[in-house]
2 protein chains.
Amino acid sequence: MRKGEETRTRILDVAEAAVLQKGFGGTSIEELIAETGITKSGFFYHFRDKNELAKALLNRYIENDERIYDEIFSRARDLTDDPLQSFLLGLKLLSELLSDLPNGHPGCLVAGICYYERLFDREIQETNRNAVLAWRRRFGRMLRDIVAVYPLREPVDVDQLADMVSSVLEGGIVLSKTLKEPNTLAEQVLMLRTFVKMLFLPVAAMPRG
Amino acid sequence: MRKGEETRTRILDVAEAAVLQKGFGGTSIEELIAETGITKSGFFYHFRDKNELAKALLNRYIENDERIYDEIFSRARDLTDDPLQSFLLGLKLLSELLSDLPNGHPGCLVAGICYYERLFDREIQETNRNAVLAWRRRFGRMLRDIVAVYPLREPVDVDQLADMVSSVLEGGIVLSKTLKEPNTLAEQVLMLRTFVKMLFLPVAAMPRG
DNA sequence: CCCCTCCTGTACCGCCGGTACAGTTTTCAG
DNA sequence: CTGAAAACTGTACCGGCGGTACAGGAGGGG
């Protein structure tokens, strides 16, 4: 019972790394069992088929993702009561966390799966959709707290702004991976931070050019 | 000679649609030849292997992509001499083009390939990298034209800002695809437009909240 | 008429996802 | 300590797929 969970976790660990490097279609079950040191029968004892592996992988990834955001933004809230400052601080902490990743961000499973949509069943696509909607709610909540205190200097939709956080993260990951420049992702997050700052704070006085 | 090119193009058309829906690993050569109405031998006459298909597909995609940006932003430049206004107009035109896509954006091959990196050889990864660098140069050039005329209201790196265009596009595609909300991508482009506008234009006077 | 391009047909290989199922070891609750 | 359930292993097999090899044919241009 306990051992089963451990093996399952090991399979998921190996699979996650492989999938983020090669995609689902490029990851064979045979290589997973070779690296895990398990037999094929053992694999199919834990997962009925590849689709169920994907399901488990995605759910675990999303949970972990949510946990990380919870930690970062709750740390930020601990450090200041102001909703804008804590959001900006959260983005700063996030960018630091991202730039500390030794080999750059390994890739986002949600994005990976959306580029394979037809390979998976509706349940997985629905899970994926809900993950993105959860991001929208999360950042939307924080932004609404800000809007309640600070005036918006341009008329923007709060949900769309919340989506922009996800956009920049997902897009930054793509750029970082493609360019093989780990820093790009962190820089993009800071750029987004500048946008949020400008949207809510008066601009520093500047000489007219 | 002529006929060969036509068949090749037909294969690439079918392949592109399939790859954007299912990813490379999820697209079989057999299904491509079935839909193209060609035999396996015929396929391998045109492409030595799947990797070469990917190469041709990516090159064609990038060329087309460049052409579209050329058209949009040259149209924008035709309509106004001001570099900022023409950039903002270009983003507007881009968002309109994106929201006019009947089934939403089909997906970006560059992003698709970056999520499969290990499956392809270095040449493809280099091509992909160069495509992203070309985006950086393209948008960077336009932004530098703006900076030459308008003061930047926040200290941001121009190349990082140029990358933000790519980030928001790539991220917006991921969100749009995952959420199955075609509009999200266009909205994200407009949100980016707002950011650029704020960076260069004085904010409209607002009552202090 | 002949050659070259552009294919078709056939046969084959090895890998992979998946199935089936019988048998064995490990674990833990009672 | 024991027995049943959990957690596997081993073996054999299937069909699809990527890829190879190679022979041959249609059709157009010089």
Side-chain angles (χ1 to χ4, degrees), chain A residues 1-58 60 109 112-113 116-121 123-124, chain B residues 1-58 60 109 112-113 116-121 123-124:
Chain A
M1 303 179 179
R2 194 64 194 291
K3 181 99 175 300
E5 275 305 305
E6 187 195 305
T7 304
R8 209 183 129 96
T9 301
R10 239 170 55 237
I11 297 175
L12 288 174
D13 287 341
V14 172
E16 185 169 318
V19 165
L20 287 175
Q21 278 191 349
K22 291 171 287 191
F24 262 98
T27 300
S28 72
I29 292 178
E30 315 242 345
E31 77 179 272
L32 296 183
I33 66 180
E35 198 164 336
T36 318
I38 208 180
T39 62
K40 208 178 204 179
S41 316
F43 175 88
F44 284 108
Y45 173 78
H46 288 286
F47 305 98
R48 204 184 312 136
D49 51 29
K50 228 184 170 185
N51 193 75
E52 207 162 280
L53 172 68
K55 213 177 288 181
L57 219 47
L58 180 59
R60 201 180 72 143
L109 263 191
I113 283 175
Y116 278 87
E117 50 176 297
R118 290 287 160 124
L119 279 184
F120 303 107
D121 61 21
E123 188 185 339
I124 288 193
Chain B
M1 302 176 178
R2 195 65 195 288
K3 180 100 177 295
E5 275 306 305
E6 187 194 303
T7 306
R8 210 183 128 95
T9 301
R10 239 169 55 237
I11 298 175
L12 287 174
D13 287 341
V14 171
E16 184 169 319
V19 165
L20 287 176
Q21 278 191 348
K22 291 170 287 191
F24 253 95
T27 300
S28 73
I29 292 178
E30 315 243 347
E31 77 177 275
L32 296 183
I33 65 179
E35 198 164 337
T36 318
I38 208 179
T39 62
K40 209 179 206 180
S41 316
F43 176 88
F44 284 106
Y45 172 78
H46 289 286
F47 305 99
R48 204 183 313 135
D49 51 28
K50 226 183 173 185
N51 193 74
E52 208 163 278
L53 172 68
K55 215 177 286 180
L57 219 48
L58 180 60
R60 201 180 72 144
L109 263 191
I113 283 175
Y116 278 86
E117 49 176 299
R118 291 286 161 126
L119 280 185
F120 302 107
D121 60 23
E123 189 185 337
I124 288 194

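Chain letters run A, B, ... following the sequence lines, proteins first, then strands; residues in each count from 1. In this text, all values refer to a predicted model and were calculated from it rather than measured experimentally.
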Asks: Taking atom CD1 of A:Ile33 and atom NE2 of A:His46, what is their separation to the nearest 0.5 Å?
Replies: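 Here the interatomic distance stands at 12.5 Å.
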
Asks: If I take atom CZ in residue A:Phe24 and atom P in nucleotide C:dC16, what distance separates them, rounded to the nearest angstrom?
Replies: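 These atoms are roughly 17 Å apart.
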
Asks: Within the distance-only criterion (no hydrogens, no angle test), does the side chain of A:Lys50 pair as donor or acceptor with the backbone N or O of A:Ser28 below 3.5 angstrom?
Replies: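 Checking the backbone N and O of A:Ser28 against the side chain of A:Lys50, no donor-acceptor pair under 3.5 Å is found.
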
Asks: Working to the nearest 0.5 Å, report the span between OG1 of B:Thr36 and CD1 of B:Ile29.
Replies: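 One finds 11.0 Å between OG1 of B:Thr36 and CD1 of B:Ile29.
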
Asks: Could you check how far CG of B:Asp49 sits from P of C:dC15, rounded to whole Å?
Replies: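 My rounded result for the distance is 18 Å.
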
Asks: To the nearest Å, how far apart are A:Arg48 CZ and C:dG17 P?
Replies: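 Value for this atom pair: 18 Å.
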
Asks: Whole angstroms only, please: what is the CD1-P distance between B:Ile33 and C:dC7?
Replies: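 Distance check: B:Ile33 CD1 to C:dC7 P gives 13 Å.
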
Asks: Quick one: does A:Asp121's side chain have a donor or acceptor within less than 3.5 Å of a partner on A:Ile124's backbone?
Replies: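 Yes.
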
Asks: Could you go over nucleotides 8-17 of chain D and give all protein N or O partners under 3.5 Å, atom names and distances?
Replies:
unit_1, atom_1, unit_2, atom_2, d
D:dC8, OP1, A:Thr7, OG1, 3.3
D:dC8, OP2, A:Thr7, OG1, 2.9
D:dC8, OP2, A:His46, NE2, 3.0
D:dC8, O5', A:His46, NE2, 3.4
D:dT9, OP2, A:Thr39, N, 3.0
D:dT9, OP2, A:Thr39, OG1, 2.4
D:dG10, N7, A:Ser41, OG, 3.0
D:dG10, O6, A:Ser41, OG, 2.4

Asks: Find the distance between CG (B:Leu32) and CZ (B:Arg10) and round it off to the nearest 0.5 Å.
Replies: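 Between atom CG of B:Leu32 and atom CZ of B:Arg10 there are 12.5 Å.
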
Asks: In whole angstrom, give the distance that lies between atom CZ of A:Phe47 and atom P of C:dT19.
Replies: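 About 15 Å, once rounded to whole Å.
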
Asks: Crowded around A:Glu52 CD? As in, over 12 foreign heavy atoms under 6.0 Å?
Replies: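 More than 12 within 6.0 Å, yes.
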
